[in-house]
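For reference, the structure discussed in these notes is given below.
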Amino acid sequence: MTRVICVANNKGGVGKTNVSVNLPVFLAALGKRVLLVDFDHQANATFSLGINSKNLPLSIYHALMGHVSPSAIIRKSPFFGYEIMPSSPDLAGATIELVNTENREFKLKEMIDKVKDGYDFIFIDSPPSLGPLTINALCASNEVLIPVQCEYLALEGLEQLLNTIRLVKENLGQDVKITGALLTMYNRNNRLSREVAKEIRRNFPGYVFDTVIPRQVCLAEAPRTGKTILQYAPTSLAAKAYRELAEEFINLSPTT
Ligand code: ATP
Ligand code: MG
């Protein structure tokens, strides 16, 4: 069974792309077959894997619009064979183009269903909104992983995300479970960071990953080099955290 995981949080800049790029590579290193779907027109995940989205002749936009088959756009990264469906700025227009399309919430799911069998895990990096693209990402997934930044107002907007997940289940019939909330950009020397982490664990008992992703400069630097943290700084605390996250993630079955 392929696990399809949407990495989502309507709040911007919380680490969605960082998690979407770095968690899969540690799963790939464990021998898992992994695909990352970049479903954000900012194309940050695509860039982070060393692909220049501006020069891409074909991206997820073209597959979504049915111009090409989804397998035609998949690229293999040099990192343990981990694969990516790249995005490009064209995807911004998809929201409008999808308006009058039948089954518009399921366009990404239709695409993913065609390639799904080749993978153990498919991660979808989603944009910071609850618009049509994020709805498509949720409708294509069995699970949601929610990165939560260890900062002031971390939980702001989370209620809307949880409500959207509920609406997707009830009105669109897609049974998406919550894998868990993942604390990101944690600074153990900062009191606020520690307090926020504690508060989140108190608010969502049983839903928060034991592993936390530290705030480390190497995680912000790696994207510029087109490498994941496993190649850029394999012995860093950040790489250690992602390695532990991969192990925790494999053993965790999502809760409702
Ligand atoms: P958006 O909502 O715009 O898609 P996002 O939720 O995908 O943002 P990221 O792009 O992953 O968030 O992270 C926001 C910024 O913080 C980026 O510059 C990234 O390099 C940096 N960053 C992410 N995680 C960490 C971390 N653990 N430590 C240090 N910097 C980080
Ligand atoms: Mg992002």
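Since we're looking at a predicted model, the values are computed, not measured. In listed order, ligands and their atoms are each counted from 1.
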Nearest non-hydrogen atom to atom 14 (C) of ligand 1 belongs to which of Gly13, Cys150, Ala222? Gly13
State whether a side-chain donor-acceptor pair under 3.5 Å links Ser59 with Ser88. yes
Charged N to carboxylate O below 4.0 Å: is that the case for Arg33 and Asp120? yes
Would Glu199 and Arg202 pass as an ion pair if we require N to O under 4.0 Å? no
Any N or O of Gln216 that comes nearer than 3.5 Å to an N or O of ligand 1? yes
What do you think, any protein heavy atom under 4.0 angstrom from atom 17 (C) of ligand 1? no
I need the atoms of ligand 1 closer than 4.0 Å to a non-hydrogen atom of Ala220, numbered in the order shown. 20 (O), 30 (N)
Are any of the protein's heavy atoms under 4.0 angstrom from atom 30 (N) of ligand 1, yes or no? yes
If the cut-off is 4.0 Å to any non-hydrogen atom of Asp40, which atoms of ligand 1 fall inside it? 4 (O)
Considering only protein heavy atoms, determine whether one is less than 4.0 Å from atom 26 (C) of ligand 1. yes
Any salt bridge between Arg191 and Glu195, counting N to O under 4.0 Å? yes
What protein heavy atom lies closest to atom 10 (O) of ligand 1? Include the residue and the distance to one decimal. Thr17 CB, 4.0 Å
Inter-residue atom distance Ile112.CD1 - Ile124.CD1, 0.5 Å rounding: 3.5 Å
Report the relative orientation of the aromatic rings in Phe249 and Phe209; use parallel for angles under 30°, tilted for 30 to 60°, perpendicular for over 60°. parallel
Ion pair check, Glu143 and Lys177, cut-off under 4.0 Å: no
What do you reckon, does Gln42 have a nitrogen or oxygen under 3.5 Å from a nitrogen or oxygen of ligand 1? yes
For ligand 1 and Asn44, I'd like to know whether there is a polar contact (N/O to N/O, distance under 3.5 Å). no
Taking only heavy atoms of Val14, which atoms of ligand 1 are found under 4.0 Å from at least one of them? 5 (P), 6 (O), 12 (O)
For the pair Glu248 (side chain) and Asp210 (backbone), establish whether a donor and an acceptor sit closer than 3.5 Å, ignoring hydrogens and angles. yes
Would you mind listing which atoms of ligand 1 come within a distance below 4.0 Å of any non-hydrogen atom of Ile213? 27 (N)
So does Lys240 pair up with Glu244, basic N to acidic O under 4.0 Å? yes
Residue selection (non-hydrogen contact nearest atom 13 (O) of ligand 1) among Gly15, Ala238, Ala8, Pro127: Gly15
Are Tyr186 and Glu151 linked by a side-chain donor-acceptor pair shorter than 3.5 Å? no
Have a look at Lys11, Gln149, Lys16 and point out the one with the heavy atom closest to atom 2 (O) of ligand 1. Lys16
Can any side-chain N or O of Thr17 pair as donor or acceptor with the backbone N or O of Asn44 at less than 3.5 Å? no
Ligand 1 to Pro214, heavy atom cutoff 4.0 Å, flagged ligand atoms 26 (C), 27 (N), 28 (N)
When you measure from the Mg ion (ligand 2) to the N, O or S atoms of Ser20, does any of those distances fall below 2.8 Å? no
In ligand 1, the atoms that come under 4.0 Å of a heavy atom of Asn18 are 11 (O), 23 (C), 24 (N)
Got the closest protein heavy atom to atom 15 (C) of ligand 1, with its distance? Met185 CE, 4.7 Å
For Gly12, the ligand 1 atoms whose distance to one of its heavy atoms is below 4.0 Å: 2 (O)
Mark yes or no for whether Ser193, through its side chain, and Asn187, through its backbone, hold a donor-acceptor pair below 3.5 Å. yes
